[in-house]
Number of protein chains: 2
Amino acid sequence: MSIIFSRQCEYALQAVLYLALQPRGTLTSSKDLTTRLGVPYHFLGKIMQSLTRKGLLRSQKGSSGGFALALPPKDITLFHIVEAIDGVDFTKKCVLGFPECSGKNPCAVHHQWAGLRENIYEMLVRKNIAEMAKETKKPEFRAR
Amino acid sequence: MSIIFSRQCEYALQAVLYLALQPRGTLTSSKDLTTRLGVPYHFLGKIMQSLTRKGLLRSQKGSSGGFALALPPKDITLFHIVEAIDGVDFTKKCVLGFPECSGKNPCAVHHQWAGLRENIYEMLVRKNIAEMAKETKKPEFRAR
DNA sequence: GCGTAATCAGATATTATTGTCTTAATTATA
DNA sequence: TATAATTAAGACAATAATATCTGATTACGC
Ligand code: SF4
Ligand code: SF4
């Protein structure tokens with residue numbers, strides 16, 4: 001069980017975070033990403049395609065091609081990535097899986113849960129990835 | 001995407017909550033559960049079996065048989081159910097899906113995330129289902 | 001121009017999850 | 001004791017998620 005986000009989405013988050021740590025203007029190839037992150041090559045390829053189509057990344061084909069952020073890192077949040085890959089229905093849904101239920105006749109956990117959902121949302125939008133990159137310590141992420 | 005818990009687990013939570021609302025000592029059949037909750041009959045059957053094997057429910061075969069809680073409602077929390085169905089690895093895992101990473105060299109969201117995980121855990125253990133049943137308003141859950 | 005390195009795109013394969021069906025075992029009750 | 005209702009169990013089917021493969025396309029560098 002992957003928690004909250006699909007595996008695809010996790011990979012996407014990791015990849016974008018990695019890109020954010022590379023010097024501005026450089027391209028990073030899928031191959032590079034795949035070895036650094038240890039995720040399956042072709043699968044990541046598809047994910048990068050999605051992110052590119054959504055306009056979060058730009059890609060360059062051909063020799064010495066690769067991917068880079070399409071926007072300044074300070075204009076991207078984790079939310080954008082989750083939105084592009086998994087969608088953001090979770091902001092509305094019930095943890096217990098009850099359909100058509102939200103707040104009128106609340107069950108005993110609704111308040112707690114509604115707050116939690118808010119927290120997840122906060123976590124996703126609070127920091128842009130420029131800030132995140134600055135604060136991230138993972139040495140294996142730095143350009144070698 | 002089902003949020004946090006698998007669909008199985010959601011059904012399990014719903015079913016146990018329903019059972020908690022039935023008068024103590026009565027048995028509820030799968031058929032009854034399935035129509036009240038609107039979930040697939042046989043699938044639910046299997047889930048009930050699991051919960052029974054784990055000792056959370058007791059079952060009675062035969063005519064006028066069914067399921068009931070195996071423990072007093074005040075001794076059961078949502079955590080027990082999640083534990084039985086999905087497992088509780090999520091209490092340790094990283095939202096971003098990074099393996100082998102937890103707190104040393106924390107990334108920029110680790111603190112927020114760790115708190116969030118704690119909140120989810122809290123939500124699951126805070127109330128026992130006796131309290132929840134008392135506070136739950138869902139009229140379609142009451143015995144007719 | 002040509003060869004190489006890279007992404008792009010789509011087809012396919014594998015695995016996990018969800019759902020269905022069928023039969024057997026069990027029990028209350030008529 | 002026969003019958004009907006019910007869970008138990010396992011086989012099967014459908015769907016969704018994850019992963020891999022292959023060929024095409026593009027761009028760079030020689
Ligand atoms: S009231 Fe309870 S069941 Fe309804 S949406 Fe809120 S948490 Fe879910
Ligand atoms: S530091 Fe960041 S990447 Fe590591 S476990 Fe915590 S949240 Fe996940």
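- Put simply, B/R7 has no side-chain N or O that comes within less than 4.0 Å of OP1 or OP2 on D/dA16.
- A close approach under 4.0 Å does occur between a side-chain nitrogen or oxygen of B/Y11 and OP1 or OP2 of C/dG19.
- Taking each heavy atom of B/E131 and B/R126 in turn, the nearest pair found is OE1-O, 4.1 Å.
- Residue whose closest nucleotide on DNA chain C sits further toward the 5' end, between A/M48 and B/K46: A/M48.
- A pairwise comparison of heavy atoms in B/T77 and B/N128 identifies CG2-CA, 4.2 Å as the closest pair.
- Under the side chain to side chain contact (heavy atoms under 4.5 Å, CB included) criterion, A/S63 pairs with no residue, sequence neighbours left out.
- Residue B/K31 is out of contact with every strand shown, counting any heavy-atom pair closer than 4.0 Å.
- The distance between atom CD1 of B/I85 and atom C1' of C/dT18, rounded to the nearest whole Å, is 13 Å.
- Using a 4.0 Å heavy-atom cutoff across all strands shown, A/R58 reaches no nucleic acid atom at all.
- Applying the salt bridge (Lys or Arg N to Asp or Glu O under 4.0 Å) definition to pairs two or more places apart or across chains, none involves residues 64-84 of chain B.
- Between B/L44 atom CG and C/dG19 atom P there is a gap of 11 Å when expressed in whole angstrom units.
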Where protein sits on nucleotides 22-30 of chain D, one letter per nucleotide: B base, S sugar-phosphate only, - none, heavy atoms under 4.0 Å: B--BBBS--
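- Side-chain atoms of A/Q49 and base atoms of C/dA9 include a donor and an acceptor less than 3.5 Å apart.
- Nucleic acid contact for B/Y41: base, since at least one base atom lies under 4.0 Å from a heavy atom of the residue.
- B/R117 contributes a side-chain N or O that, together with a main-chain N or O of B/K92, makes up a donor-acceptor pair within less than 3.5 Å.
- Proximity of B/S30 to the phosphate of D/dT7: a side-chain N or O atom is located under 4.0 Å from OP1 or OP2.
- Contacts of A/G45 with the nucleic acid, taken as non-hydrogen atoms under 4.0 Å apart, are absent.
- Rounded to whole Å, the distance from CZ on A/R53 to P on C/dG10 is 8 Å.
- If you measure from atom CZ of B/F43 to atom C1' of C/dA16, you get 11 Å, rounded to the nearest angstrom.
- B/R24 has its side chain within reach of B/P73: a pair of non-hydrogen atoms, C-beta onward, lies under 4.5 Å apart.
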